[in-house]
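Nothing fancy with the numbering, it's 1 onward along the sequence. As the structure lists them, so they are numbered: ligands from 1, and atoms in each ligand from 1.
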Amino acid sequence: MNMGHKNIAALWVLLLTKFLVAVSQSPLANVPAVIVFGDSSVDSGNNNKIATILKSNFKPYGRDFDGGRPTGRFSNGRVPPDFISEAFGLKSSVPAYLDPTYTIKDFATGVCFASAGTGYDNATAAVLNVIPLWKEIEYYKEYQAKLRGYFGEEKANEIIREAVYLMSLGTNDFLENYYVFPGRRTEFTVAQYEDFLVGIAENFIRELYGLGVRKLAITGLVPIGCLPLERLTNIFGHHGCNQEYNNVALSFNKKLDKMVGRLNRELPQAFLYTTKAYDIFNDLIKNPSKYGFEVVEKACCSTGTFEMSYLCTDENPLTCSDASKYVFWDAFHPTEKTNRIITDYVLQKLRETLA
Ligand SMILES: *[C@@H]1O[C@H](CO)[C@@H](O)[C@H](O)[C@H]1NC(C)=O
């Protein structure tokens, strides 16, 4: 059979068109905005504006951020949503909703409702007087109204539907609440508490879905027993990782995965995805040198064992000079380099899922 050049060209056009249609149907095509819920792992400065002692809008926080600016991110530089936003061709950082220097026009391409110290459990947010998860949704509803007011119904709905939403929390429910105060421990076994939190996560996702959210990535827990602060308090474990906490993280993640899988099948047009942040975080704690890290047990800031928020001050002469050698920036939070590695891995796994 002799296909003329014309036919071959037509075939190419057909294949190319098919390819482009397939790409444009991918949940990651034409993402207009990255919208964030959660805790300090993703907060970009909302706590600056509320009455809590859990803040990081002072030096040395942000010393490797654009302009060396402390923004309220709990790191020396950017946090994962910033890298994700950049990967979608959007802004290189996602602004905090409560930051008055931004307008709805800025927030239309990305906004963060997260609050350091919060959790799924209302009682967790109460510990340090931060924004509870239900309030993050209230802010999100207010944002939707502003979006509709500014862009009109149709355009606003498109942004809401096509945006990629991120959700990252749960660590504080265990480490700032359950294992610290007796309240929830007298009510729930740890397994029951996991179920309680997953139940709240499910309601939260259903509520977002009801508000028009379709593409949502959920990050469960990382190896929380290996945070420097948890090593410090693991006296009987010779300051190694707290294995019990890591096991809680794994079992919580499993339950979260199962619930998310179920909702994915149940909710039409929903693309819900649980990230594999635990795996990459665990690998870089176990094999730091593979990633160019030199220190994993201690953080860069101050003694690196317990300091965070106001205890991580610019006056401490012990703070390291090169944070990129450290997995952790303060006793509870990763360095920018760790955040970047985690994000790259999460996005790569996500693309493999979609391929
Ligand atoms: C958390 O508090 C809000 C506001 O008071 C309430 O509506 C919600 O039901 C509470 N959530 C849980 C799980 O108790």
Side-chain angles (χ1 to χ4, degrees), residues 35-44 46-55 96-98 111-146 160 165-213 216-222 224 245 248-264 266-267 270 272 274:
I35 299 176
V36 185
F37 299 97
D39 61 16
S40 62
S41 58
V42 291
D43 186 357
S44 56
N46 286 308
N47 278 20
N48 303 352
K49 294 288 162 197
I50 62 171
T52 176
I53 56 157
L54 195 62
K55 291 186 201 281
Y97 185 63
L98 298 184
V111 60
C112 173
F113 299 99
S115 174
T118 204
Y120 287 107
D121 185 354
N122 283 337
T124 303
V127 172
L128 289 165
N129 194 30
V130 298
I131 304 169
L133 195 57
W134 66 265
K135 184 98 181 258
E136 291 191 21
I137 279 223
E138 290 304 309
Y139 282 131
Y140 174 64
K141 288 181 191 161
E142 183 185 275
Y143 164 78
Q144 283 201 345
K146 286 184 191 169
I160 291 161
Y165 295 77
L166 311 172
M167 193 174 144
S168 173
L169 67 166
T171 301
N172 299 311
D173 292 305
F174 293 98
L175 300 186
E176 306 291 310
N177 181 2
Y178 188 85
Y179 284 112
V180 179
F181 298 104
R184 290 307 192 197
R185 271 205 320 279
T186 56
E187 270 179 86
F188 299 114
T189 65
V190 68
Q192 287 166 340
Y193 192 57
E194 290 167 7
D195 295 336
F196 174 69
L197 300 180
V198 170
I200 296 170
E202 175 170 350
N203 291 339
F204 184 75
I205 295 170
R206 285 184 187 279
E207 194 172 353
L208 287 180
Y209 182 84
L211 291 166
V213 171
L216 173 65
I218 303 127
T219 289
L221 302 177
V222 297
I224 56 175
Y245 293 174
V248 164
L250 287 170
S251 94
F252 176 79
N253 288 350
K254 218 179 205 168
K255 291 175 180 179
L256 194 69
D257 250 349
K258 211 171 148 202
M259 178 273 286
V260 169
R262 180 162 48 75
L263 290 190
N264 239 338
E266 181 192 320
L267 305 174
L272 311 173
T274 47

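Under the 6.0 Å cut-off for aromatic ring centres, Tyr165 and Tyr140 qualify, their centroids lying closer than that.
In this structure, Leu250 places its CG atom where more than 12 heavy-atom neighbours from other residues, nucleotides or ligands lie under 6.0 Å away. Dense packing is recorded around NZ of Lys255, with more than 12 heavy atoms of other residues, nucleotides or ligands lying under 6.0 Å away.
With rounding to the nearest 0.5 Å, the separation of CG in Asp39 from OH in Tyr120 is 9.0 Å.
Side-chain contact check for Asn47 and Ser115: at least one donor-acceptor pair (N or O, by modelled atom type) lies under 3.5 Å.
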Contact table ligand 1 N or O to protein N or O, d under 3.5 Å:
| residue | atom | partner | partner atom | Å |
| --- | --- | --- | --- | --- |
| ligand 1 | 2 (O) | Asn122 | ND2 | 2.3 |
| ligand 1 | 11 (N) | Asn122 | ND2 | 3.0 |

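Side-chain contact between Tyr97 and Glu142 is present, with heavy atoms from C-beta onward closer than 4.5 Å.
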